[in-house]
There are 2 protein chains.
Amino acid sequence: MTDLTDRQREVLTFIRHFLHEHGYPPTMRDIAAGFGFRSTNAAAAHVSALEKKGAIRRDGSRSRGIVLCDGPNRSNIIPFPRMEEPVSIPILGAISAGLPLLSEENVDETLMVDPFFTGGRRDQVFGLVVSGESMIDAGIKDGDYIFVRATAEAQSGQIVVAMVDGETTCKYYFPERHHIRLQPANSSMAPILWYPEDATDFQILGVVIGVYRRV
Amino acid sequence: MTDLTDRQREVLTFIRHFLHEHGYPPTMRDIAAGFGFRSTNAAAAHVSALEKKGAIRRDGSRSRGIVLCDGPNRSNIIPFPRMEEPVSIPILGAISAGLPLLSEENVDETLMVDPFFTGGRRDQVFGLVVSGESMIDAGIKDGDYIFVRATAEAQSGQIVVAMVDGETTCKYYFPERHHIRLQPANSSMAPILWYPEDATDFQILGVVIGVYRRV
DNA sequence: CTCCGTACTGTACATTAGTACACTATCGAC
DNA sequence: GTCGATAGTGTACTAATGTACAGTACGGAG
């Protein structure tokens, strides 16, 4: 591939640029127009040369059937994004108690993730950064990102994100006879018990469906 | 975009797959053939519907002029690396020792993830499913997905994925005077010691950069 | 000098591909 | 029931596109 002529390299760059601009490869006439060629054959000849020299691959005589063979390993296929439709997940920062959970004020940044991460659920999933070691025995550490399905209902034993007295916390959820027990996964920490007769507010924000940690 | 019909979503997924496979968008006839339509008009109608609903954009009547319009801002999707564009990560299954690590035979599925997950590294990151509890104290459990940057070099103390005697293993990496120590993060397990004079093969496949767990 | 590879022009043709139109059928809403 | 949206079949026409062939020109290798 290093044995391309200057002109051929220009053509290759043009193809790359075109792909970047449009999302699909150029035709011979696109190339010709791009260089001011008055003959499509000039473009065709260059494309043939590029193919012979292994810079590109061609899919038969299909229209726009030009595929770059780039990269250090000259792998055939450009890593074209997205097998499945990605889902957009807001990563929440400080959660203001008064606002709707997913209001813009709460969102720090937004991630695009594969539906794989959300278990196929397409919406109402948000992310949070874990603070503290209270769920360490569940494999959730300080600084981890947790993915949370927004729901007000949870099953006993699930890990939930709850708002208790204005603070968000991540704990195991156990509804019991007279109270709700939020159990840390850390033997040195005591559970939070919430009694309905308390004046404090309590609200389940969602159920944890995934954890991500940068190593 | 959530108001797509099931069939329309299938068509959109097909376009995505086609793009991924070929590097250029499908024609109406490609789509029709893919679904077994006996009329190109069926495909054209779906493409029109997708365009009307904003899932794709079309470049006039150019051949293969289909451009995906994904994401929250519905921007063009470009097949070329761009910051903030999702990255494609192969999830490896059983790793055959004889084959190149990222050869197709090893790949179970492919995930699209935000560069966030790979720390900005755009390539040579792959995924693995963890088997066993040897890294439990590092917060890596059986069944977790780990994201690995493919490299043959590691720093002491990093968590690596290595191939030892034909088996892949995930451990802390400590090069020592006369041997390499692969240290589990599990107090009940002994480290693996590898001596260069051993006949067994040893190879670092990569360094763990992230962990994901479905809860 | 000739020969060959590169770099084009110009014309023509066959195939590929987008679009239009007519028509059938199902399903849910009104 | 009627209407509209969805999901197709089938045919035909036109535009877009790849390719072939015949030239011109330049420059280096033999």
Side-chain angles (χ1 to χ4, degrees), chain A residues 1-19 21-69 76 85, chain B residues 1-19 21-69 76 79:
Chain A
M1 191 141 80
T2 49
D3 51 350
L4 295 181
T5 65
D6 288 349
R7 198 58 163 162
Q8 283 163 3
R9 195 173 302 279
E10 284 182 53
V11 173
L12 184 59
T13 300
F14 176 85
I15 295 173
R16 213 187 300 284
H17 194 262
F18 190 99
L19 217 31
E21 281 293 310
H22 296 81
Y24 47 81
T27 63
M28 300 305 172
R29 283 165 180 81
D30 289 328
I31 297 172
F35 284 87
F37 297 159
R38 312 176 73 174
S39 166
T40 59
N41 193 40
H46 277 122
V47 169
S48 283
L50 286 174
E51 186 189 16
K52 201 184 306 177
K53 294 185 176 178
I56 62 174
R57 193 169 51 77
R58 305 198 58 191
D59 267 16
S61 65
R62 320 189 71 175
S63 80
R64 304 180 189 276
I66 296 176
V67 183
L68 295 178
C69 293
N76 303 346
E85 198 171 324
Chain B
M1 192 140 83
T2 50
D3 52 348
L4 295 181
T5 66
D6 289 348
R7 199 56 163 163
Q8 284 162 2
R9 196 173 298 281
E10 284 181 53
V11 174
L12 184 58
T13 300
F14 175 85
I15 295 173
R16 223 184 288 286
H17 274 78
F18 191 99
L19 223 29
E21 282 290 311
H22 296 82
Y24 47 81
T27 63
M28 300 303 173
R29 284 164 181 82
D30 288 329
I31 297 172
F35 284 88
F37 297 159
R38 311 175 74 172
S39 167
T40 58
N41 191 41
H46 277 122
V47 169
S48 283
L50 287 174
E51 186 189 15
K52 200 184 308 179
K53 293 184 177 178
I56 62 174
R57 190 167 55 76
R58 304 199 59 193
D59 267 15
S61 65
R62 319 189 72 173
S63 80
R64 305 182 190 277
I66 297 176
V67 183
L68 295 178
C69 291
N76 303 351

Find the distance [X]:[atom1] to [N]:[atom2] and express it as a whole number of Å.
X	N	atom1	atom2	answer
Met28(B)	dT16(C)	CE	P	17 Å
Arg64(A)	dA17(C)	CZ	C1'	11 Å
Leu12(A)	dA7(C)	CG	C1'	17 Å
Ile31(A)	dC8(C)	CD1	C1'	15 Å

For the student: nearest non-hydrogen atoms of [X] and [Y], plus distance:
X	Y	result
Ser39(B)	Ala32(B)	O-CB, 3.9 Å
Met28(B)	Ala44(B)	SD-CA, 3.7 Å
Phe14(A)	Pro26(A)	CE2-CB, 4.3 Å
Pro25(B)	Pro25(A)	CD-CD, 4.2 Å

Earliest and latest nucleotide of DNA chain D, 5' to 3', sitting under 4.0 Å from a non-hydrogen atom of chain A? dT17(D) to dA22(D)

Below 4.0 angstrom, which residues in residues 44-52 of chain B have at least one non-hydrogen atom near DNA chain D? His46(B)

Going by number, which of residues 33-42 of chain B have a non-hydrogen atom under 4.0 Å from DNA chain D? Phe37(B), Arg38(B), Ser39(B), Asn41(B), Ala42(B)

Using the test salt bridge (Lys or Arg N to Asp or Glu O under 4.0 Å), find all partners of Glu51(A) that sit at least two apart in sequence or belong to another chain. none

Kindly write out the residues that satisfy salt bridge (Lys or Arg N to Asp or Glu O under 4.0 Å) with Arg29(A), not counting sequence neighbours, or none if the list is empty. none

Protein proximity profile, nucleotides 24-30 of chain C - base contact B, sugar-phosphate-only contact S, no contact -, cut-off 4.0 Å on heavy atoms: -------

In terms of the nearest nucleotide of DNA chain D, which residue is placed more toward the 5' end: Arg29(A) or Arg7(B)? Arg7(B)

Do Arg57(A) side-chain atoms and Val67(A) backbone N/O form a donor-acceptor pair below 3.5 Å? no

[atom1]-[atom2] distance between [X] and [Y], expressed to the nearest 0.5 angstrom:
X	Y	atom1	atom2	result
Leu50(B)	Thr5(B)	CG	OG1	8.0 Å
Ile66(A)	Phe18(A)	CD1	CZ	9.5 Å
Leu12(A)	Glu10(A)	CG	CD	11.0 Å
His46(A)	Ile56(A)	NE2	CD1	11.5 Å

Would you say dG5(C) has OP1 or OP2 under 4.0 Å from some side-chain N or O of Lys53(A)? no

Short side-chain N/O contact to dT16(C) OP1/OP2 from Ser63(A), under 4.0 Å: no

Within 6.0 Å of CZ in Arg38(B), more than 12 heavy atoms from elsewhere: no

Specify whether His22(B) and Tyr24(B) have parallel, tilted or perpendicular ring planes, treating 30° as the upper limit for parallel and 60° as the lower limit for perpendicular. tilted

